[in-house]
Every structure is written in structure tokens, then in C-alpha cells.
Visitor: 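My structure is below; once you've seen it, I'll send some questions.
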Amino acid sequence: MVGQFIHQEYLVAGNNFNSAGSASEAVKSTLKKMGVASADIRRVAIAMYEGEINMVIHAGGGVAVVDIYYDKVNIVLSDKGGGIEDLEKAMQPGFSTAPEAVQRLGFGAGMGLPNMKKYADKFDIQSEVGVGTTVRMTIFFG
Amino acid sequence: MKISELSAYIDGTIVCNAHKADKEVYSAFSSDMMSDVLAFVMDQGVLITGLINPQIVRTALMMDIECIVVVRGKTPNNDIISLAEANGIVVVTTKKNMFETSGRLYSAGLKA
Ligand SMILES: Nc1ncnc2c1ncn2[C@@H]1O[C@H](COP(=O)(O)OP(=O)(O)OP(=O)(O)O)[C@@H](O)[C@H]1O
Ligand SMILES: [Mg+2]
């Protein structure tokens, strides 16, 4: 497996709660086939799923780029949504601007960004109001 | 406990992947907020929820959760069932509410 490299790109549709999470699902199954340890797969899956859902809910969709190496995964989630005004606030557990209709679907606990930070080994978020948001995460195996 | 036993404790109905009802589960988490579920990794855990949309299955899938209990007599639609079926996740429905479901399963030995 050493030296193996997989590059994947996914278009994430905005406001579609049926397809939301399918990119993360695909990455999860790729890692499973590669024989990556299940605890590592779970961290990748959760971190990416939270980011994917955020693009669906808050940004009208976006793009997920996933690079899988023998020892790590890099995930870049970028969107051209409305951006985040106060990043520090957005990172706090419990902070959410999710509308009520979205809350009824089970989102808006304000735990997505904190979860991503918790499960990823490297986490970086850049956002500009009116321009969009980019989240970069790295998860090391083992 | 086995999923079949879990279902019996809450007068439940196994609506898909019944052939996996012999699987052992050890712990559970009750919530209608998916990110709350995603915050705590469980081993061989059960998701107890009052929600019915495909995201309950996707959340379970990301977490390696193999059993979802849908409370308060709600019926997951075919999209949800087929997604669960395809991913080997057992779905149990019960008429009991989330509090009673959680209480019964906790008393019966499922860990928090
Ligand atoms: N890609 C994004 N574009 C615009 N705003 C975002 C984006 N991601 C997050 N936000 C903002 O940051 C807030 C916090 O995000 P976080 O993921 O922590 O919580 P949430 O999505 O509201 O709820 P949860 O993830 O628990 O379902 C969001 O409510 C939203 O205001
Ligand atoms: Mg979120």
C-alpha cells in the first residue's frame, strides 16, 4: 500500500438532504477497501461528513477534494456561500444559525465545527463574508 | 444484548436487516441532533432517535453504528429503509417515546 495515492473530487449539492453525506460515504468505502483501520476511517468520515453537511445547509453546496496517501488523508471543502462573519463564535460548541426547518431535520446543534476540530489532526478554516468558506483537514492514520 | 433482545424490551419491530438481529450491542445514545451523536464515538452502539430522514442512516454509517431505534411510532420511508438495508444497518421501530425507550434499554443493561 505504500506509495499508493488516490485523488477524489465531489460536487456537493446545496440544500439537498437526500444526497447530503454521499461524498463522505464514498470516501469511507474507499478507505475501507484500502484496509485502513476502522478507528481512523471513522475520524475521517465524521470530520468530512460534518463539513459536507455544513456546505449543504449553510453555503448552497460546494466542492470536496480528498487526497488519500498511505499515511494520511487531506480533505479540502470549499464553497462560494455567504461566508462566516465571526469565526471564533462559529467554532464555539452550541453556536448555530441553522433555521428552524433545518433543525427539524436534526441539524443545528452547533457541534459540527467543534467535532471537525476534535476528530481531525490538522484543522484550518478560512472564510470571507460574501465570498465563501474553505475548510482544510488532515487525518493521519495510526 | 442482542438486537433481537433490544427490540423485545421496547416491544419493537425490526423493519430491516432482520438477519442481523443476532448482533451484540453494548451502548446507546439518544438524540434528535445528529452532531450531538457525532460528538461521541461508541463501540457497537445504538442510535435512538425520533427523526426519520436519510441523515439518521448516514450518521449511523459514519459512526459504524449498526442499529437505529426509531421511537414514537414513526415509520421510516422506503428511501431510508433501502439506504439502511444497503449498509447493513438494522432499523427497529417502537411506539414508545424516547424517554421510555432509553429507560428500558438502560435498565436492561445498555451502557450510556
Ligand atoms: N460552509 C459554511 N458557510 C457559511 N456558514 C457556515 C459554514 N459552516 C459553518 N457555518 C456557520 O457556522 C455555524 C456553526 O457551524 P457548526 O457546523 O458548528 O454548527 P451547525 O452547522 O449550525 O449545527 P450542527 O453542525 O451541529 O448540525 C453555522 O450555524 C453557520 O452559521
Ligand atoms: Mg454543522
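Just the heavy atoms: all of them, side chains too, but no hydrogens, waters or symmetry mates, feed the values below. Just so we're on the same page: letters track the sequence lines, and every chain starts at 1. Since we're looking at a predicted model, the values are computed, not measured.
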Visitor: Before accepting this row, confirm whether a basic side-chain N of the pair B:Asp11/B:Lys95 lies closer than 4.0 Å to the acidic partner's carboxylate O.
Guide: no

Visitor: Identify which part of A:Arg43 has an atom lying under 4.5 Å from any heavy atom of chain B, answering side chain, backbone, both or neither.
Guide: neither

Visitor: Can you see whether B:Tyr26 has B:Lys2 sitting over its ring - NZ or CZ less than 6.0 Å from the centre and within 45° of the normal?
Guide: no

Visitor: Using non-hydrogen atoms only, which part of A:Asn115 is less than 4.5 Å away from chain B: side chain, backbone, both, or neither?
Guide: side chain

Visitor: Given heavy-atom pairs under 4.5 angstrom as the criterion, report whether the side chain, backbone, both or neither of B:Asp64 touches chain A.
Guide: both

Visitor: Check whether more than 12 heavy atoms from other residues, nucleotides or ligands sit under 6.0 Å from atom CG of B:Asn78, and answer yes or no.
Guide: no

Visitor: Any side-chain heavy-atom pair from A:Thr133 and A:Gln126 closer than 4.5 angstrom?
Guide: no

Visitor: Top residue by heavy-atom pair count (under 4.5 Å) with chain B, among A:Gly112, A:Ala20, A:Ala109?
Guide: A:Ala20

Visitor: For chain B, find which of A:Ser22, A:Ser38, A:Pro114 contributes the most heavy-atom pairs closer than 4.5 angstrom.
Guide: A:Ser22

Visitor: Checking B:Lys111 side chain against B:Ala28 main chain: does a donor-acceptor pair fall under 3.5 Å?
Guide: no

Visitor: Counting heavy-atom pairs under 4.5 Å to chain B, which of A:Ala45, A:Gly106, A:Ala39 comes out on top?
Guide: A:Gly106

Visitor: Measure A:Ile41 against the heavy atoms of chain B and call it side chain, backbone, both or neither at under 4.5 Å.
Guide: neither

Visitor: Assess whether a salt bridge exists between B:Asp43 and A:Arg42, defined as any Lys/Arg side-chain N lying under 4.0 Å from an Asp/Glu carboxylate O.
Guide: yes

Visitor: Answer yes or no: does atom NZ of A:Lys117 have more than 12 heavy-atom neighbours from other residues, nucleotides or ligands under 6.0 Å?
Guide: no

Visitor: Name the option with the most non-hydrogen atom pairs under 4.5 Å to chain A; the candidates are B:Ile52, B:Thr59, B:Val37.
Guide: B:Thr59

Visitor: Which bit of B:Ile80 comes within less than 4.5 Å of chain A, counting heavy atoms only: side chain, backbone, both or neither?
Guide: neither

Visitor: Tell me, for B:Leu61 versus chain A, whether the close heavy atoms (under 4.5 Å) come from the side chain, the backbone, both or neither.
Guide: both

Visitor: Need one label for A:Glu50: side chain, backbone, both or neither, based on atoms under 4.5 Å from any heavy atom in chain B.
Guide: side chain

Visitor: With a 4.5 Å limit on heavy-atom distance, are the side chains of B:Leu83 and A:Glu25 in contact?
Guide: yes

Visitor: Checking heavy atoms, do the side chain of A:Phe107, its backbone, both or neither come under 4.5 Å from chain B?
Guide: both

